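Below is one structure, written out as structure tokens; the observations come after it.
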Amino acid sequence: MAETDSRPTNFIRQIIDNDLKSGLHTVVQTRFPPEPNGYLHIGHAKSICLNFGIAQDYAGYCNLRFDDTNPEKEDIDYVNAIQQDVSWLGFNWHGKVRYSSDYFSQLHAYAVELISKGLAYVDFSTPEEVRQLRGSLKAPGQNSPYRDTPIEENLACFEKMKNGEYQEGQCLLRAKIDMSSPFMCMRDPALYRVKYAHHHQTGDTWCIYPMYDFTHCISDAIEGITHSLCTLEFQDNRRLYDWVISNITIEATPHQYEFSRLNLEYTVLSKRKLIQLVEESHVAGWDDPRMPTIAGLRRRGFSASSIVEFCKRIGVTKMDNLVEMSMLNACIREELNESAPRAMAVLDPVKVVIENYPTDKVETLFAHNHPNDESMGSRDIPFSREIFIEAEDFREEANKKFKRLVLGKEVRLRNAYVIKAERIEKDVDGNVICIYCSFDEQTLGKDPADGRKVKGVIHWVSAAHGIKAQVNLYDNLFSVANPAAEDNFLATLNPESLIVKQAVVEPSLKSAHIGQSLQFERMGYFSLDKSSSADNLVFNRTVGLRDSWTNTDQN
RNA sequence: AGGGGUAUAGCCAAGUGGUAAGGCAGCGGGUUUUGAUCCCGCCAUUCGGUGGUUCAAGUCCAUCUACCCCUGCCA
């Protein structure tokens, strides 16, 4: 298992340590609050690990709450998928699943309280007028003409809003705060808007829906959340969060703390962009193995523990960041190196005929399933006169740096004999279609008796016994490190993010199960795709092996 | 004079006045029937810049610079 031993330390945990020490809190309560408008991605995993991780380490609680205040963008399919992903990552939420919509009645009552206190009003300005009067970053805004409507009239109007007597966009409930505040979100922010939309939880009960800023803080307070953790872009909103809590009658005083969101090289992590990739079919779906979604990573072959480990390694700060993909890859490699059984698969087969090997002979060779772990057992591998090797493992001529098969030279067949390339056959285009070799029958399980050194080792599969399999090789979805910074991120999609190979794999792989991870020796780690069937194996490459040779200019 | 934030190695990130952790990447070397793994070693005289306080500053003060966020009836 890939796992660092120490507990994470970050500024949020330090705040909690202090709150516990000072007696401000005795129990820590957090929450993970996704909006069900898309699938969870690795950025959410960071937040999940932070919130649930804190609950675990401090013997507190973490709620799962769907922030479902905008029915137009949300869907029940997403709420189901999100629950699956959180569970798959290995976390258990406290009690039942919560929904902001559970609190619609209470939220409504708090809105009425604000109106009654003269702290909120119904504005009949058009969206355009509201925008005009808001002012700009440099200039203060101006009060709405509806700002001084008497309390009783506001109460009546809000009641009409709730009863469906106004059209969408005709009016909205606004907090009465300060139109000249340097915080734009404090310039009389919208609290409720009219929406005749069907809600996945509340159906058609409501035609007015509360805004995020009004809903989130109150939901936190209702649930007894002590530390409400969100990302940096909500820092300004914290003023509104605190304003609402301090102006309504509620006991709890949750506090919001912000950390930086995760940015990962060569991919995008914004819900909007991810939705676009799926809807415009640039990928095969939310669980396309190239997607940075939890579902995509899972199908790619990433384990939950490797994702949790990744989140542990990247830490939690307020610094903007762009994490290298190598960080994520290292987490899964480290784990799979220990846990994945080895096997041999030839992705680009070229035929090898061992001329001095008996025509009809079939030997059953033996191979360890793991080079450093005897407990993982062994398997049988058939060997015969005709085998397939990787096309790139043969060259007619090469310098001494090339430790594979070269015409006239020897190489070791993994788990088998040393062979020597004697001659080749080419097709009309000059492609090598068959390599004729001889083998040294004294070299099974031991070095040549005469002491000659054979440096290279290559993998192979018996031609008569190997089984066909589709192997999907994945590369970065985008060809630039930070696609989100591009004017048109779609223009930087990597056309070679998926390369499909018709491979030949050793027969033992017939018994692999869906989702199983394996190492194809010298090729990388692979996972059996969910589309696989007994007579149609499909493997996804999770990640390649670390390679200090093919990336140099040695070849 | 809009406001809110952030600057420690290629990337991530500890550090909370006492003399720069760790991980990823990279670079040497050893072992190896995976160019993998594993093992050994190297990788910030300096913390965005400049001043200042102090016996002592990445940590405190001043000032400058760069970058991110904020003008949805999205979250």
Side-chain angles (χ1 to χ4, degrees), chain A residues 4 6 9-10 14 33-35 37 67 69-70 72-73 123 125-127 130-132 134-141 168-174 180-187 189-195 208-209 211-213 215-216 230-239 258 260 262 265 271-272 312-331 333-334 337-338 342 344 367 370-372 401-404 411-416 418 443 445-447 454-459 519-524 544-550 552 554:
Chain A
T4 53
S6 61
T9 170
N10 56 54
Q14 288 174 1
E35 181 188 15
N37 67 341
D67 218 337
T69 57
N70 188 351
E72 287 174 342
K73 296 189 173 176
D123 196 330
S125 302
T126 64
V130 169
R131 192 167 62 76
Q132 292 292 332
R134 188 153 30 227
S136 71
L137 295 178
K138 299 254 170 85
E168 286 189 13
Q170 191 178 347
C171 60
L172 76 161
L173 182 71
R174 291 227 260 170
S180 61
S181 172
F183 294 99
M184 297 302 290
C185 67
M186 296 297 270
R187 320 246 265 224
L191 263 24
Y192 266 91
R193 75 284 218 190
V194 178
K195 250 186 218 299
I208 55 172
Y209 290 93
M211 301 291 289
Y212 163 83
D213 287 301
T215 307
H216 207 91
C230 63
T231 44
L232 251 29
E233 65 270 27
F234 292 100
Q235 288 176 117
D236 286 359
N237 300 244
R238 186 175 66 244
R239 279 71 187 183
E258 312 86 10
S260 56
L262 168 68
E265 279 191 344
K271 209 86 92 62
R272 199 209 113 234
K312 197 174 292 180
R313 292 187 187 186
I314 59 174
V316 177
T317 69
K318 300 178 82 149
M319 291 186 257
D320 288 330
N321 59 78
L322 181 58
V323 177
E324 291 177 349
M325 199 57 93
S326 64
M327 188 85 89
L328 216 208
N329 290 337
C331 292
R333 276 202 198 102
E334 194 172 294
N337 175 49
E338 289 186 23
R342 313 287 127 126
M344 292 198 285
H370 195 289
N372 312 316
K401 295 261 176 73
F402 187 79
K403 305 199 309 186
R404 308 178 187 183
V411 78
R412 156 78 64 184
L413 289 178
R414 175 71 165 153
N415 299 128
V418 168
T443 55
K446 53 189 177 220
D447 288 332
V454 178
K455 274 185 306 182
V457 179
I458 63 174
H459 58 279
Q519 183 195 101
F520 290 166
E521 287 192 287
R522 305 208 308 132
M523 303 308 286
L545 256 28
R546 217 170 132 267
D547 189 338
S548 55
W549 189 70
T550 59
T552 68
Q554 305 297 355

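Everything numeric here is computed off the predicted structure, so don't read it as measured data.
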Legend entry - hbond_proxy A:E324 side chain to B:rG10 base (donor-acceptor, 3.5 Å cutoff): yes
Legend entry - B:rU19 versus B:rU45 - spacing of their C1' atoms, nearest Å: 11 Å
Inset, instruction - Please name all residues satisfying side chain to side chain contact (heavy atoms under 4.5 Å, CB included) with A:M186, sequence neighbours left out, ordered by chain then number. - result: A:I177, A:S181, A:F183, A:R239, A:L240, A:W243
Inset, instruction - Describe the nucleic acid contact of A:V411 in one word from base, sugar-phosphate, nothing, applying a heavy-atom distance below 4.0 Å. - result: nothing
Inset, instruction - Ignoring backbone atoms, test whether A:S326 places a side-chain nitrogen or oxygen under 4.0 Å from the OP1 or OP2 oxygen of B:rC24. - result: no
Inset, instruction - Pick the C1' atom in B:rC39 and in B:rU31, then give their distance to the nearest Å. - result: 8 Å
Inset, instruction - Considering only atom P, compute the distance from B:rG4 to B:rG28 and round it to an integer number of Å. - result: 50 Å
Inset, instruction - Quickly work out the A:M319 CE to B:rG58 P distance and round it to whole Å. - result: 17 Å
Inset, instruction - Could you encode protein contacts along nucleotides 65-75 of chain B as a string, one character per nucleotide from 5' to 3', using B for base contact, S for sugar-phosphate-only contact and - for no contact, with a heavy-atom cut-off of under 4.0 Å? - result: ---SSBBSBSB
Legend entry - Whole-Å P distance, B:rU59 and B:rC73: 42 Å
Inset, instruction - Give one of base, sugar-phosphate or nothing for A:S260, where a contact means two heavy atoms less than 4.0 Å apart. - result: nothing
Legend entry - Minimum-distance nucleotide to A:M327 side chain [options: B:rC12, B:rG4, B:rA14]: B:rC12
Inset, instruction - Spell out protein contact along nucleotides 31-39 of chain B as letters: B when the base is contacted, S when just the sugar-phosphate is, - when no protein heavy atom is under 4.0 Å; keep the 5' to 3' order. - result: --BBBSB--
Inset, instruction - Mind checking side chain to side chain contact (heavy atoms under 4.5 Å, CB included) for A:T126 and listing every partner two or more places apart, or none if nothing turns up? - result: A:E128, A:E129
Legend entry - Sugar-phosphate, base or nothing in reach of A:L173, heavy atoms under 4.0 Å: nothing
Inset, instruction - Evaluate the side-chain proximity of A:V457 to A:V411: yes if any heavy-atom separation is below 4.5 Å, no if none is. - result: no
Inset, instruction - Could you work out the separation of B:rG26 and B:rG10 based on their C1' atoms and round it to a whole Å? - result: 9 Å
Inset, instruction - In whole angstrom, give the distance that lies between atom CG of A:N10 and atom C1' of B:rU16. - result: 15 Å
Legend entry - In B:rG26, glycosidic geometry as syn within 90° of 0 or anti otherwise: anti
Legend entry - Presence of A:Q14 side-chain N/O under 4.0 Å of B:rA14 phosphate oxygens OP1/OP2: no
Legend entry - Residue mapping more 5' on RNA chain B - nearest nucleotide basis, A:R239 or A:A330: A:R239
Inset, instruction - Sequence neighbours left out, what passes ring pair (Phe, Tyr, Trp, His ring centres under 6.0 Å) with A:H459? Give chain and number order. - result: none
Legend entry - Residues that A:E233 engages under salt bridge (Lys or Arg N to Asp or Glu O under 4.0 Å), provided they are two or more places apart: A:R261
Inset, instruction - Answer whether the closest heavy-atom distance between the side chains of A:R412 and A:D447 falls below 4.5 Å. - result: yes
Inset, instruction - Name all residues meeting the salt bridge (Lys or Arg N to Asp or Glu O under 4.0 Å) criterion together with A:D213; count only those two or more places apart in sequence or in a different chain, and write none if there are none. - result: none
Inset, instruction - With P as the reference atom in both, quote the distance from B:rG48 to B:rC12 in angstrom, rounded to an integer. - result: 14 Å
Legend entry - Rounded distance in Å between the P positions of B:rA44 and B:rG22: 11 Å
Inset, instruction - State the dot-bracket string of RNA chain B. Criteria: Watson-Crick or G-U wobble, both atom distances under 3.5 angstrom; notation: ( ) intrastrand, [ ] crossing earlier pairs, | interstrand, . unpaired. - result: .(((((((.[[[..)..(...]]].(((((.......))))).....[[[[[..)....]]]]])))))).....
Legend entry - A:R193 and A:N70, any side-chain heavy atoms less than 4.5 Å apart: yes
Inset, instruction - Report the residues that fulfil side chain to side chain contact (heavy atoms under 4.5 Å, CB included) with A:E258, sequence neighbours left out, ordered by chain and then residue number. - result: A:C230, A:L232, A:Q235, A:R238, A:Q256, A:K318
Legend entry - salt bridge (Lys or Arg N to Asp or Glu O under 4.0 Å) partners of A:K271, counting only residues at least two apart: none
Legend entry - side-chain hydrogen bond (donor to acceptor under 3.5 Å, both in side chains) partners of A:D320, counting only residues at least two apart: none
Inset, instruction - Please state how far atom CG in A:L322 lies from atom C1' in B:rA13, giving the value in whole angstrom units. - result: 15 Å
Legend entry - Nearest-angstrom distance, P atom, B:rG49 to B:rG58: 11 Å
Inset, instruction - Using the test side chain to side chain contact (heavy atoms under 4.5 Å, CB included), find all partners of A:A190 that sit at least two apart in sequence or belong to another chain. - result: A:L172, A:M211
Inset, instruction - May I ask you to decide if A:P189's main-chain N or O and A:R134's side chain share a donor-acceptor pair within less than 3.5 Å? - result: no
Inset, instruction - Using a heavy-atom cut-off of under 4.0 Å over every strand shown, decide if A:K138 touches base, sugar-phosphate, or nothing. - result: base
